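Structure, as structure tokens:
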2 protein chains.
Amino acid sequence: MLGDFDLKKQLKNCGCRFTGQRSAILDVLVEHKGEHLSTEEIYTYVKENNAHIGIATVYRTLMLLERLGITNKLDFDDGFSRYELAKENEVHLHHHLICSSCGSVSEVKEDLLDKLEQQILEKNKFLVKNHIIKFYGLCENCRK
Amino acid sequence: MLGDFDLKKQLKNCGCRFTGQRSAILDVLVEHKGEHLSTEEIYTYVKENNAHIGIATVYRTLMLLERLGITNKLDFDDGFSRYELAKENEVHLHHHLICSSCGSVSEVKEDLLDKLEQQILEKNKFLVKNHIIKFYGLCENCRK
DNA sequence: ATCCGTGCAAAGTATTTGCAACCTA
DNA sequence: TAGGTTGCAAATACTTTGCACGGAT
């Protein structure tokens with residue numbers, strides 16, 4: 001798998017080892033690209049082909065993948081840490097739409113924030129490297 | 001105190017009772033306007049004048065205040081729920097600047113998002129009622 | 001007097017950690 | 001072989017809940 005090759009290289013670069021568990025966890029994230037899986041969900045999917053994996057390994061691996069910049073940790077205030085592949089964000093950052101009524105999460109894929117971030121650098125002397133934007137409101141279904 | 005009067009009215013409106021603990025917790029939030037206190041910090045401050053209050057009451061009251069729209073719950077991914085007075089947001093919504101290096105949190109007080117939210121309504125049929133924006137990057141100090 | 005609110009402690013839930021066995025390099 | 005990695009279980013950390021007592025209306 002393509003993902004494995006990159007992972008192997010990146011792990012070597014940081015002196016870490018390439019293991020079946022780490023590969024399997026990344027595979028799950030690749031297979032579910034576009035979703036925002038919780039640790040528990042990732043654990044469940046990984047167990048399908050890796051029955052004896054422990055959830056501590058999932059937590060540790062997700063921490064590692066985030067440190068390597070392979071994943072982004074997301075937070076929708078539902079009590080779970082969620083993850084997505086960071087690659088998707090190379091071109092654009094996501095804006096998440098969270099419905100206050102049904103809790104559904106969808107995405108906007110536009111980035112109109114460059115202007116704002118430029119102003120922040122000028123006025124606050126703060127260099128923006130990444131952002132997480134959560135819009136709370138009512139989705140199409142719940143507005144009916 | 002001014003805050004007490006509003007609280008009393010709002011509590012009555014929802015069939016809830018006005019108690020010393022609820023008043024004291026709101027007082028702490030008013031005294032620390034502009035900060036983003038964690039539940040634990042609020043608990044510590046309230047105990048100064050209310051030595052025997054329990055932390056469960058703080059959690060329950062903050063939940064109530066949020067339901068009443070008096071406070072906003074914030075989340076800076078540091079493992080704590082944080083709160084601020086919602087009033088501050090009547091005029092403008094906050095954008096938080098979170099430094100990846102030192103963890104400091106500051107604020108931008110501009111709202112250039114109206115245009116984007118209008119587009120979201122048109123393209124995603126999603127009606128934005130509120131938003132939380134977290135910019136991750138490097139603050140002035142850490143860029144030196 | 002009623003019954004909501006409180007404090008305490010126990011329970012819950014997500015996540016982290018210690019450690020011996022295991023596996024990658 | 002050496003040392004990073006794993007699985008298990010115990011430990012943490014934050015938050016919620018059950019219940020009897022206390023206080024607001």
Side-chain angles (χ1 to χ4, degrees), chain A residues 4-5 7-28 36-44 46-68 70-71 73-83 103, chain B residues 4-5 7-28 36-44 46-68 70-71 73-83 103:
Chain A
D4 283 359
F5 188 73
L7 181 60
K8 210 162 184 170
K9 244 191 336 200
Q10 291 204 51
L11 287 173
K12 181 173 287 182
N13 285 344
C14 75
C16 298
R17 291 181 179 169
F18 178 78
T19 66
Q21 290 92 330
R22 288 174 177 174
S23 172
I25 289 167
L26 182 55
D27 284 349
V28 166
H36 316 108
L37 300 181
S38 67
T39 310
E40 197 69 36
E41 288 169 339
I42 293 167
Y43 177 53
T44 303
V46 171
K47 272 197 298 191
E48 288 176 4
N49 299 303
N50 222 316
H52 47 316
I53 197 171
I55 191 146
T57 300
V58 178
Y59 275 103
R60 282 186 284 229
T61 300
L62 290 171
M63 217 178 291
L64 177 63
L65 292 177
E66 204 200 348
R67 187 147 35 90
L68 293 176
I70 294 173
T71 60
K73 191 176 184 177
L74 306 171
D75 175 16
F76 298 137
D77 298 324
D78 59 355
F80 303 95
S81 290
R82 294 181 174 278
Y83 295 86
Chain B
D4 282 0
F5 187 73
L7 181 61
K8 208 163 185 170
K9 242 188 345 197
Q10 291 205 51
L11 288 173
K12 181 173 284 180
N13 285 344
C14 76
C16 298
R17 290 179 181 171
F18 179 77
T19 67
Q21 290 93 329
R22 286 173 178 175
S23 172
I25 289 167
L26 181 54
D27 284 347
V28 166
H36 317 107
L37 300 181
S38 67
T39 311
E40 197 69 36
E41 288 168 339
I42 293 167
Y43 177 52
T44 302
V46 171
K47 269 197 298 192
E48 289 175 6
N49 300 302
N50 222 314
H52 46 314
I53 197 172
I55 192 148
T57 300
V58 177
Y59 276 104
R60 281 185 284 229
T61 300
L62 290 171
M63 215 179 293
L64 177 62
L65 292 177
E66 203 199 348
R67 188 146 36 88
L68 293 177
I70 294 174
T71 61
K73 191 176 185 178
L74 305 171
D75 175 15
F76 298 138
D77 298 324
D78 59 356
F80 304 95
S81 290
R82 295 181 175 276
Y83 295 86

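The model shown is predicted, which means the values in this text are computed figures rather than measured ones. Chain identifiers are assigned alphabetically (A, B, ...) following the order of the sequence lines, protein sequences preceding nucleic acid strands; residue numbering begins at 1 within each chain.
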Classify A:Gln21 by what it touches in the nucleic acid, base, sugar-phosphate, or nothing, heavy-atom distance under 4.0 Å. sugar-phosphate
Report yes or no: does B:Arg22 contribute a side-chain atom to a donor-acceptor pair with the main-chain N or O of B:Arg17 at less than 3.5 Å? yes
Counting the atoms with a prime plus P, OP1 and OP2 as sugar-phosphate, which does A:Gly79 contact under 4.0 Å by heavy atoms, base, sugar-phosphate, or nothing? sugar-phosphate
Of the non-hydrogen atoms in A:Thr39 and A:Val58, which two are nearest, and what is the gap between them? CG2-CG1, 3.7 Å
Nearest whole Å is fine: how far is D:dC21 C1' from B:His52 NE2? 13 Å
To the nearest angstrom, how far is A:Arg82 atom CZ from C:dT15 atom C1'? 15 Å
Report yes or no: does B:Arg82 contribute a side-chain atom to a donor-acceptor pair with the main-chain N or O of B:Leu37 at less than 3.5 Å? no
So which atom in B:Ile70 and which in B:Gln10 form the shortest heavy-atom distance, rounded to 0.1 Å? CG1-NE2, 3.7 Å
Exercise: identify the closest heavy-atom pair between A:Leu68 and A:Cys14: CD2-SG, 3.9 Å
B:Glu41 side chain vs B:Ser38 backbone, donor-acceptor pair below 3.5 Å: yes
Begin from the C-alpha positions of B:Tyr83 and B:Leu65 and carry the test side chain to side chain contact (heavy atoms under 4.5 Å, CB included) through to its verdict. CA-CA 10 Å; B:Tyr83 295 86; B:Leu65 292 177; over 6 Å; no
With a distance cut-off below 6.0 Å to the six-membered ring centre and an angular limit of 45° from the axis, does A:Lys8 pair with A:Phe18 as a cation-pi contact? yes
Expressed in angstrom and rounded to an integer, what is the separation of A:Arg22 atom CZ from D:dG7 atom P? 11 Å
Without decimals, in angstroms, what is the distance between A:Asn50 CG and D:dT6 C1'? 11 Å
Take A:Asp27 and A:Asn49, measure what side chain to side chain contact (heavy atoms under 4.5 Å, CB included) needs, and give me the verdict at the end. CA-CA 11 Å; A:Asp27 284 349; A:Asn49 299 303; over 6 Å; no
Tabulate atom names and distances for all N/O pairs under 3.5 angstrom spanning the protein and nucleotides 21-25 of chain C.
| residue | atom | partner | partner atom | Å |
| --- | --- | --- | --- | --- |
| C:dT24 | O3' | A:Phe18 | O | 3.4 |
| C:dT24 | O2 | A:Arg17 | NH1 | 2.9 |
| C:dA25 | OP1 | A:Phe18 | N | 3.3 |

Between D:dC14 and B:Ser81, is there an OP1 or OP2 to side-chain N/O distance shorter than 4.0 Å? no
Using heavy atoms and a sub-4.0 Å distance, could you list which residues of residues 55-68 of chain B are near DNA chain C? By number, please. B:Ala56, B:Thr57, B:Arg60
Using five base pairs at each end to define the local axes, how bent is the helix from C:dA1-D:dT25 to C:dA25-D:dT1, to the nearest 10°? 40°
Over all heavy atoms of both residues, which pair between B:Gln21 and B:Thr57 is shortest? Give the atoms and the distance, please. CB-CG2, 4.0 Å
Atom-pair distance (CG on B:Leu11; P on D:dT25), nearest Å: 9 Å
Between P of C:dA14 and NZ of A:Lys73, the distance in whole Å: 14 Å
Could you please spell out the steps behind the side chain to side chain contact (heavy atoms under 4.5 Å, CB included) verdict for B:Leu64 and B:Leu11? CA-CA 9 Å; B:Leu64 177 62; B:Leu11 288 173; 3.8 Å; yes
